[in-house]
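Here is the naming used below: chain letters follow the sequence lines, and residue numbers restart at 1 for every chain. Just so we're clear, the structure is a prediction, and the values are computed from it rather than from any experiment.
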Amino acid sequence: MTSLSNPDTSNSATPIILDGRQGGPSGDGGSDSAHERLFAGLNPQQREAAEYRGAALLIVAGAGSGKTSVLTRRIAGLLQSREAWPSQILAITFTNKAAAEMRERVQALVGDTAQGMWISTFHSACVRILRREAETIGKTQSFTIYDSGDTRALLKRIIKGLDADTLGFTVAGAAARISKLKNELTDIETYARSANLSDPQEVMFLEIFRQYTRQLRSANAFDFDDLIAETVFLFRAFPKVAALYQRRFRHILVDEYQDTNHAQYSLIRELTMPIAPAIADELEAQGHHVDRMRDPLGVIPGASLTVVGDSDQSIYAFRGADIRNIVEFERDFPGAKVVLLEQNYRSTQNILSAANSVIANNFDRKDKKLWTAVGDGDKIIGFTGYSGHDEAQFVADEIEKLHAAGMAYSEIAVFYRTNAQTRALEEIFIRSALPYRIMGGTKFYERAEIKDAMAYLTAVANPDDALALRRILNTPKRGIGPATETQLGSYADDNGVSFRQAMRDAGSLGLGPKVTAAILQLAGLLDTATEMVDPANPAGASPVADVLTYLLDESGYLDALRNSRDPQDEARAENVDELVAVTREFARNNPDGGLIDFLTEVSLVAAADEIDDSSGTVSLMTLHTAKGLEYDAVFLTGIEEDLLPHRMSANEPGGPAEERRLFYVGITRAKKRLFLSLAMTRAQFGETAVAMPSRYLQEIPADLIDWKQSPGTANGRGGSQSRALNARRPGLGSGSGSSGSGSSGSGSRWNDSPGSGGYGAGGGRAPDRPKAEWPNRVTGQVRDNGDLELVAGDRIRHSDFGDGRVTAVTGEGAKRVAHVQFEKVGAKKLLIKIAPIEKL
DNA sequence: TCCACCGCGATTTTT
DNA sequence: TCGCGGTGGA
């Protein structure tokens with residue numbers, strides 16, 4: 001590694017040398033050297049940002065400019081100098097992982113003094129506030145948080161009930177519209193006032209929105225967007241409640257400010273408002289000592305606000321993020337100080353140059369140029385595959401090379417625009433025995449069996465949650481069908497009782513004896529479990545794991561999975577066991593945590609939170625998930641038109657610019673090596689379609705990229721070249737010797753044409769490849785070679801790579817790996833169990 | 001009420 | 001390609 005002048009890049013593992021405790025609790029005088037040590041190694045801009053004191057500070061932090069360092073030192077400085085108690089600090093990050101990291105780093109700087117800070121995501125912070133203040137707004141402390149799946153389930157029932165689909169309403173459409181309104185803090189009454197009631201479509205939407213709101217309320221539940229919006233409403237409706245938090249948080253710091261939406265922005269505004277004298281008087285009267293904080297007029301000044309962001313990395317406009325929040329910060333907070341961080345401590349100059357020239361094409365931005373003292377580094381590597389699989393093979397091969405050269409798998413990441421692209425990558429990675437992990441794909445907590453188990457817990461924690469009850473009513477099968485469910489629902493509505501109470505009253509509904517018994521049994525089970533978690537229980541509240549085990553056993557859910565004929569149910573049962581293990585783990589980490597705390601934590605996990613730096617695997621994720629992360633080597637795949645920029649973004653205002661930022665974010669994640677790849681054909685909807693190189697590729701200066709196989713060559717309009725390449729059958733150009741075309745890529749770029757007929761030839765290859773070669777999903781049936789025995793010296797034939805000789809066999813059982821020297825494509829590693837190989 | 005079968009539509013990104 | 005919803009028979 002080239003030596004950096006700044007020892008502290010934003011994610012480095014370098015231990016932090018400072019020990020904040022050494023200064024002792026008092027001495028302001030002696031703290032000078034501690035202070036100096038705290039800020040040692042920061043560049044002048046970073047230092048200015050960390051030390052500035054004033055009402056409002058905007059840190060415009062380019063990618064990799066060490067903003068986490070600045071933030072943590074800023075917090076540490078406030079604590080060390082005794083300007084703030086830990087409890088007066090609120091730091092908001094985008095993911096739980098970022099929050100945990102920040103806490104850790106502050107702790108490393110100042111030690112246990114850091115206890116008591118709120119460092120969390122917007123959502124977690126709001127949940128904390130809402131649980132505390134639930135009664136004020138007509139909820140109970142045990143409210144449920146509905147994730148997008150729950151929201152969809154609820155809307156589905158509502159839309160069906162209203163026959164709204166005939167008017168063209170879809171679940172996704174309604175959900176998006178409601179979400180958007182909530183992000184703009186438009187509640188149902190406000191919306192109703194402005195709605196055009198002569199439009200039947202709009203009337204119907206209003207009804208959907210109304211029912212949705214009503215059902216959430218009666219279920220004692222908030223959806224994701226409510227968490228923010230309701231907190232803002234709470235503060236606005238109850239200034240005294242707001243004042244409690246305004247008084248408490250004196251220093252508020254917000255990371256990734258460019259991705260805040262209007263609701264989040266408003267929340268920050270509320271929290272940083274000064275407290276009027278009258279309310280301050282009341283606080284004082286209630287015993288909150290605030291008089292020392294008041295100014296001569298009796299006002300408690302607003303908290304100081306620090307926001308960090310980079311408008312070039314704003315990639316969540318589709319979700320309501322408003323780039324104006326950061327662009328207009330100085331107008332919103334007059335007198336705000338602005339500090340620019342442009343020195344990059346992460347990437348090589350080549351990578352930064354590529355990033356700079358790409359983002360320069362976005363016209364409405366403040367010019368900002370990242371630079372580094374590290375040096376040029378390696379060139380960016382480009383590759384054009386014939387298909388998504390070909391591209392994936394290139395990625396796998398290059399990863400193996402990097403690994404062989406000493407790079408840890410965990411320092412390598414593969415990014416893509418859409419989750420669908422994981423299929424090809426996964427297939428190739430499995431066959432190549434490459435350890436990988438997909439971040440945020442089908443998330444563990446989104447699996448049906450996990451949601452089922454969680455619904456049992458939710459039903460116990462929040463007896464009003466009808467949605468959870470409906471979910472488990474006939475899971476496992478108890479003979480309680482939709483008709484019965486509807487009857488229970490209307491009984492509850494008619495008698496003004498909860499769904500849960502309706503279940504207890506099943507005896508008086510005139511249902512069949514079998515069904516009645518089943519319902520009563522479930523109701524009894526839940527009631528017993530509710531007693532188990534009741535803190536008033538003389539035996540004390542049972543651990544979550546025990547309750548869960550009890551529910552799963554007594555309901556027969558686990559038995560149903562274990563005795564099922566469906567082979568996938570075995571894996572599902574294992575997942576459920578895994579969930580039980582998670583609850584144990586939770587109890588270990590949170591000795592005071594109860595059922596509600598567990599449910600909250602699970603509801604708020606994000607894709608990026610799963611990343612475990614020590615896992616020793618390559619990380620695969622979408623470009624969105626990649627934000628805020630960094631890796632030694634980064635592969636950006638699928639750099640094609642209609643994928644990046646994505647086809648769906650074309651019609652949206654600002655769409656292409658946001659896609660460009662997404663590309664920019666991807667590029668700037670790379671520390672040392674960057675690989676850009678694309679394919680000439682890509683499978684979608686099961687059919688292969690022709691793909692064109694992304695327009696963004698041309699925005700990177702040609703001399704920065706070394707094309708192992710350029711779109712120009714692979715895609716040549718003359719056709720001769722591409723045909724020649726295609727003719728080179730078995731090798732498939734996968735990484736092998738065919739490189740050296742760097743020059744051809746630089747001189748004549750392919751930008752001259754879409755070349756319509758150009759490479760239909762690529763499709764010509766498809767038929768001679770038998771379908772069965774590509775196993776389906778990893779989860780489904782995969783090719784299985786059983787106990788094929790291979791030893792060094794054996795000759796084998798691979799359906800893609802041709803013939804080769806086994807040089808070694810490593811691993812055990814199903815994970816045995818053959819190291820093979822192929823005649824045409826060189827050395828490869830193959831997972832014996834599933835590789836398309838035969839022994840010769 | 002449950003299960004097997006068939007046909008169609010979908011796909012952007014996520015706290 | 002796959003997963004979902006709708007249909008029809010047991």
If you assign Phe224(A) and Arg417(A) each to the DNA chain B nucleotide with the nearest heavy atom, which residue ends up on the more 5' nucleotide? Arg417(A)
Both His123(A) and Val515(A) contact DNA chain B. Taking the nearest nucleotide for each, which residue is further toward the 5' end? Val515(A)
Proximity to DNA chain B (any heavy atom under 4.0 Å), residues of residues 472-487 of chain A only: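 Contacts with DNA chain B under 4.0 Å: Asn474(A), Lys477(A), Gly479(A), Gly481(A), Ala483(A), Thr484(A).
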Just by distance, do the side chain of Asn183(A) and the backbone of Lys180(A) share a donor-acceptor pair under 3.5 Å?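 Answer holds: no.
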What integer distance in Å separates [X]:[atom1] from [N]:[atom2]?
{"X": "Ile178(A)", "N": "dT14(B)", "atom1": "CD1", "atom2": "P", "value": "21 Å"}
{"X": "Arg647(A)", "N": "dT13(B)", "atom1": "CZ", "atom2": "P", "value": "13 Å"}
{"X": "Met648(A)", "N": "dT13(B)", "atom1": "CE", "atom2": "P", "value": "10 Å"}
{"X": "Arg319(A)", "N": "dT13(B)", "atom1": "CZ", "atom2": "P", "value": "13 Å"}
{"X": "Arg157(A)", "N": "dG5(C)", "atom1": "CZ", "atom2": "C1'", "value": "18 Å"}
{"X": "Lys97(A)", "N": "dT15(B)", "atom1": "NZ", "atom2": "P", "value": "14 Å"}
{"X": "Gln264(A)", "N": "dT15(B)", "atom1": "CD", "atom2": "P", "value": "12 Å"}
{"X": "His646(A)", "N": "dT12(B)", "atom1": "NE2", "atom2": "P", "value": "6 Å"}

Think Thr622(A) has a side-chain N or O under 4.0 angstrom from the OP1 or OP2 of dT14(B)?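 Looking at the OP1 and OP2 atoms of dT14(B), one of them is under 4.0 Å from a side-chain N or O of Thr622(A).
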Just N and O in the side chain of Thr95(A): are any of them under 4.0 Å from OP1 or OP2 of dT15(B)? no
Determine whether the side chains of [X] and [Y] contain a donor N or O and an acceptor N or O closer than 3.5 Å.
{"X": "Asp452(A)", "Y": "Tyr557(A)", "value": "yes"}
{"X": "Thr151(A)", "Y": "Tyr212(A)", "value": "yes"}
{"X": "Glu427(A)", "Y": "His389(A)", "value": "yes"}

Would Glu230(A) and Lys139(A) pass as an ion pair if we require N to O under 4.0 Å?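 Answer for the salt bridge query: no.
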If you measure from the Lys or Arg side-chain nitrogens to the Asp or Glu carboxylate oxygens, is any gap between Glu446(A) and Lys451(A) under 4.0 Å? no
Within 45° of the ring axis of Phe143(A) and under 6.0 Å from its six-membered ring centre, is that where the NZ or CZ of Arg131(A) lies? yes
For Lys156(A), answer base if it contacts any base atom (sugar-phosphate contacts may also be present), sugar-phosphate if it contacts only those atoms, and nothing otherwise; contact means non-hydrogen atoms under 4.0 Å.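 Sugar-phosphate contact only - Lys156(A) comes under 4.0 Å of backbone atoms but never of a base.
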Look at all strands and tell whether Tyr316(A) reaches a base, only sugar-phosphate, or nothing, counting heavy atoms closer than 4.0 Å.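 Since only primed, P, OP1 and OP2 atoms lie under 4.0 Å of Tyr316(A), the category is sugar-phosphate.
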If you only use heavy atoms from C-beta on, which nucleotide in dT14(B), dG6(C), dT15(B) is closest to the side chain of Lys160(A)? dG6(C)
Winner on side-chain proximity to Asn419(A), out of dT12(B), dT15(B), dT14(B), is dT14(B)
Is Phe318(A) stacked on the base of dT12(B) when the test is centres under 5.5 angstrom and planes under 30 degrees?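 The ring of Phe318(A) is not stacked on dT12(B).
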Would you state whether a donor and an acceptor, one from the side chain of His624(A) and one from the base of dT14(B), lie under 3.5 Å apart?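 Per atom types, no contact qualifies.
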Give the ring-plane orientation class for Tyr696(A) versus Phe663(A), where under 30° counts as parallel, over 60° as perpendicular and anything between as tilted. parallel
